[in-house]
Amino acid sequence: MTTQYWLVKQEPADYSWTDFARDRRSAWTGVRNYQARNHLKAMQAGDAVLFYHSGDGKAVVGLARVGRAAYPDSTATEPGWVAVDLVPVRPLPQPVTLARIKADAALRDIALVRHSRLSVMPLPAAAFARILKLGGG
DNA sequence: GCCAACGTTGGC
DNA sequence: GCCAACGTTGGC
């Protein structure tokens, strides 16, 4: 299976990149949106993931990878919800802000811009590479 | 099956 | 703090 590319959002006040880097691994639980869940289910171990700070931050701040593909979310009170495990790889030398992304012609159609409420989304390989480049990573 | 009301997310 | 987008719920 070829590597797929994703972006996940997190409110830094709830769980920041710093928390993630300290933990070395995080169970991505609590997703309760069907579209986001379907993206979680499509993740494979080893896939590349960008970590985005929503709210106070509004920037892509780090690179991660999928450590474990989808499994039942133990925090859910109803069946059917899933979690994945994510592992931090490295922070981006320079966070890529939402404003920067919106200003980039090659990125104006990504889900982060087009579908701002989605918390787990796929990224085309080219868009993923572009954001990494903008971040100096 | 439609639609109004309402709640949540997230940018500004 | 406000508002747009959008998902969910419930009445009909």
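This one's a predicted model, so the numbers in the text were calculated from it and none came from an experiment. All values below come from the heavy atoms of this structure, side chains included, with hydrogens, waters and symmetry mates left out. Residue numbers start from 1 in every chain, and the chains themselves are labelled A, B, ... in the order their sequence lines are given, proteins ahead of strands.
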Side-chain donor/acceptor pairs under 3.5 Å, residues 66-75 of chain A, sequence neighbours excluded:
{"from": "A/Y71", "atom 1": "OH", "to": "A/D85", "atom 2": "OD1", "distance (Å)": "2.5"}
{"from": "A/D73", "atom 1": "OD1", "to": "A/T75", "atom 2": "N", "distance (Å)": "2.8"}
{"from": "A/D73", "atom 1": "OD1", "to": "A/T75", "atom 2": "OG1", "distance (Å)": "2.6"}
{"from": "A/D73", "atom 1": "OD2", "to": "A/G30", "atom 2": "N", "distance (Å)": "2.9"}
{"from": "A/D73", "atom 1": "OD2", "to": "A/R32", "atom 2": "NH1", "distance (Å)": "2.8"}
{"from": "A/D73", "atom 1": "OD2", "to": "A/R32", "atom 2": "NH2", "distance (Å)": "3.3"}
{"from": "A/D73", "atom 1": "OD2", "to": "A/T75", "atom 2": "OG1", "distance (Å)": "3.2"}
{"from": "A/T75", "atom 1": "OG1", "to": "A/R32", "atom 2": "NH2", "distance (Å)": "3.1"}

Query raised in the report: Who pairs with A/W28 by side-chain hydrogen bond (donor to acceptor under 3.5 Å, both in side chains), at least two apart in sequence or on another chain?
Result: none
Query raised in the report: Who pairs with A/S16 by side-chain hydrogen bond (donor to acceptor under 3.5 Å, both in side chains), at least two apart in sequence or on another chain?
Result: A/D19
Query raised in the report: So which of residues 113-120 of chain A are in contact with DNA chain B, with a heavy-atom cut-off of under 4.0 Å?
Result: A/S116, A/R117
Requested in this report: With sequence neighbours left out, write down each residue that passes salt bridge (Lys or Arg N to Asp or Glu O under 4.0 Å) with A/D23, or none if nothing qualifies.
Outcome: none
Query - Residue list, side-chain hydrogen bond (donor to acceptor under 3.5 Å, both in side chains) with A/D109, at least two apart or on another chain - result: A/R114
Distance-only criterion, 3.5 Å: show the donor-acceptor pairs between side-chain atoms of residues 94-104 of chain A and protein atoms not counting sequence neighbours.
{"from": "A/T97", "atom 1": "OG1", "to": "A/R100", "atom 2": "N", "distance (Å)": "3.0"}
{"from": "A/D104", "atom 1": "OD1", "to": "A/A106", "atom 2": "N", "distance (Å)": "2.9"}
{"from": "A/D104", "atom 1": "OD2", "to": "A/R130", "atom 2": "NE", "distance (Å)": "2.8"}
{"from": "A/D104", "atom 1": "OD2", "to": "A/R130", "atom 2": "NH2", "distance (Å)": "2.6"}

Query raised in the report: From the 5' end of DNA chain B to its 3' end, which nucleotides mark the outer limits of contact with chain A, defined by a 4.0 Å heavy-atom distance cut-off (strictly under)?
Result: B/dG7 to B/dC12
Query raised in the report: For residues 112-137 of chain A, which residue pairs qualify under ring-ring contact (aromatic ring centres under 6.0 Å, His included), counting only residues two or more places apart or in two chains?
Result: A/Y5-A/F128
